[in-house]
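Read the structure below first, then the notes.
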Amino acid sequence: MVGFKPTDVAPTAAVKFVGAGTAACIADLVTFPLDTAKVRLQIQGESSSAKGMKPAVYRGVFGTISTMVKTEGPRSLYNGLVAGLQRQMSFASVRIGLYDSVKQFYTKGAEHAGIGSRLLAGCTTGAMAVAIAQPTDVVKVRFQAQANVADGSKRYKGTMEAYKTIAKQEGARGLWKGTTPNIARNAIVNCTELVTYDLIKDTLLKSNLMTDNLPCHFTSAFSAGFCTTIIASPVDVVKTRYMNSAPGQYSSAINCAVTMLTKEGPLAFYKGFMPSFLRLGSWNVVMFVTYEQLKRAMMSARGSWESPL
């Protein structure tokens with residue numbers, strides 16, 4: 001068997017909180033270029049680039065990555081990484097790390113959790129995470145969306161400068177721009193991602209099809225990523241467009257969605273679907289496999305410290 005063995009003692013809330021944030025950061029480091037390609041495809045067709053320059057045309061996931069590397073250099077694939085890691089440490093720690101604790105709260109400590117309790121827990125931790133981490137998401141999306149032009153002009157030159165510029169030009173509301181669609185998105189993502197992972201893993205274990213090890217975690221995570229991408233893509237595209245928009249471009253998230261529908265048709269809501277799936281599928285696999293291993297490693301280390309002999 002590869003990896004750490006399950007421990008006799010269940011992971012504590014603190015172990016889950018730290019483990020989820022750390023695992024999410026590792027997953028982001030691995031899959032960030034796919035996320036950047038997804039954002040570029042989602043905003044394509046929204047508006048012309050600045051200074052009359054012809055915007056780059058992106059075709060497909062790897063075509064987008066190739067075009068970005070050729071026109072902007074390989075570092076452009078990691079635009080917004082700092083904000084992305086800040087987001088995951090504050091965001092994933094809450095939405096994933098606290099999921100089991102909130103689920104137990106809704107079930108009042110019962111051993112069996114129904115689908116309703118799981119969905120409620122997913123919605124709760126998803127909403128809590130957005131309320132805390134929204135500014136980091138806004139900055140991440142804007143960095144990923146900005147193209148590096150030949151004269152070196154950029155919308156933002158650094159992560160901290162971006163926070164300050166947005167707050168100065170758009171007020172505090174600018175940092176929480178798109179909170180409503182993001183809460184909707186994360187309620188959907190959290191419920192689909194965590195609940196699907198939870199249910200598939202429980203089914204595999206109870207049916208004795210797999211043991212609680214890497215193959216089980218991989219299968220559950222990949223399946224959860226596929227289901228989440230199908231359900232969450234329309235809200236994700238609207239969220240990305242709205243958070244990246246200039247002040248006054250859209251009056252609301254609903255106005256953004258209606259504008260997309262009338263100008264670009266219903267397929268616009270699934271722009272960037274393939275990179276979304278590649279990114280979510282691979283992100284889920286890396287995150288959940290790492291998360292499960294980190295929980296076991298930290299509990300094993302804790303046991304060793306408490307019983308050195």
Side-chain angles (χ1 to χ4, degrees), residues 1-32 34 88-89 91-104 107 109-115 117-119 121-122 125-126 129 189-231 277-308:
M1 183 191 71
V2 179
F4 291 92
K5 295 180 180 179
T7 55
D8 295 329
V9 181
T12 63
V15 165
K16 291 176 183 177
F17 188 86
V18 174
T22 305
C25 285
I26 293 169
D28 246 28
L29 284 169
V30 173
T31 63
F32 207 79
L34 290 171
Q88 292 300 352
M89 279 309 297
F91 185 74
S93 298
V94 174
R95 81 174 184 93
I96 299 170
L98 298 183
Y99 171 75
D100 285 333
S101 299
V102 174
K103 184 174 68 175
Q104 288 172 3
T107 57
E111 189 174 331
H112 175 71
I115 185 71
S117 300
R118 297 178 201 238
L119 289 171
T125 57
V189 167
N190 233 32
C191 287
T192 311
E193 187 178 76
L194 292 178
V195 175
T196 303
Y197 178 82
D198 215 8
L199 288 171
I200 292 173
K201 182 183 170 186
D202 279 358
T203 302
L204 291 172
L205 295 176
K206 287 176 182 176
S207 305
N208 293 318
L209 295 171
M210 290 182 175
T211 56
D212 191 7
N213 289 308
L214 288 174
C216 175
H217 304 157
F218 180 93
T219 304
S220 304
F222 189 80
S223 302
F226 181 71
C227 295
T228 305
T229 309
I230 291 174
I231 294 171
F277 170 58
L278 288 175
R279 192 259 176 183
L280 254 180
S282 56
W283 191 92
N284 269 16
V285 168
V286 176
M287 198 289 297
F288 278 113
V289 168
T290 306
Y291 179 43
E292 297 281 7
Q293 293 300 305
L294 279 174
K295 286 191 294 183
R296 294 176 182 184
M298 286 191 281
M299 290 306 293
S300 295
R302 184 186 176 192
S304 300
W305 294 333
E306 291 176 351
S307 306

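In what follows, every heavy atom counts, from backbone to side chain, and hydrogens, waters and symmetry copies are set aside. The first residue of the sequence shown is numbered 1, and numbering continues consecutively from there.
- Side-chain atoms of T107 come within 3.5 Å of backbone atoms of Q104 as a donor-acceptor pair (strictly under, hydrogens ignored).
- The side chain to side chain contact (heavy atoms under 4.5 Å, CB included) check on C216 picks up K201, L204, L205, M210, S220, with sequence neighbours excluded.
- The shortest non-hydrogen separation linking L34 to S282 is CD1-OG, 3.9 Å.
- L294 pairs with exactly one of E292, R296, M298 by the side chain to side chain contact (heavy atoms under 4.5 Å, CB included) rule, that one being M298.
- To the nearest 0.5 Å, atom CG of residue L280 and atom OG1 of residue T228 are 6.0 Å apart.
- Of all non-hydrogen atoms in S207 and T203, the two that sit nearest each other are OG-O, 2.8 Å.
- Here T125 pairs with N190 under the side-chain hydrogen bond (donor to acceptor under 3.5 Å, both in side chains) rule; sequence neighbours left out.
- Here the closest heavy-atom approach between residue A224 and residue T196 is recorded as CA-CG2, 3.8 Å.
- Atom CZ of F226 is separated from atom CD1 of I231 by 10.0 Å, given to the nearest 0.5 angstrom.
- For K103, the salt bridge (charged side-chain N to carboxylate O under 4.0 Å, His left out) criterion is met by D100, D198, not counting sequence neighbours.
- I200 and S223 make their closest contact through CD1-CB, 3.4 Å (heavy atoms, listed as atom of the first residue, atom of the second, distance).
- The side-chain hydrogen bond (donor to acceptor under 3.5 Å, both in side chains) check on T12 picks up nothing, with sequence neighbours excluded.
- Within 6.0 Å of atom CZ in F17, more than 12 heavy atoms from other residues, nucleotides or ligands are found, so the atom counts as buried in its surroundings.
- By the 4.5 Å heavy-atom criterion applied to side chains, I115 and L199 are counted as neighbours.
- Partners of F288 under the ring pair (Phe, Tyr, Trp, His ring centres under 6.0 Å) rule, at least two apart in sequence or in another chain, are Y197.
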Which atom pairs, donor and acceptor, lie under 3.5 Å between side-chain atoms of residues 20-28 and protein residues at least two apart or in another chain?
from	atom 1	to	atom 2	distance (Å)
T22	OG1	V18	O	2.9
D28	OD1	Q88	NE2	3.4
D28	OD1	R279	NH2	2.9
D28	OD1	W283	NE1	3.1

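- Interatomic distance, Y291 OH to H217 NE2, rounded to the nearest 0.5 Å: 11.5 Å.
- The line from CD1 of I96 to CD of E193 is 5.5 Å long, rounded to the nearest 0.5 Å.
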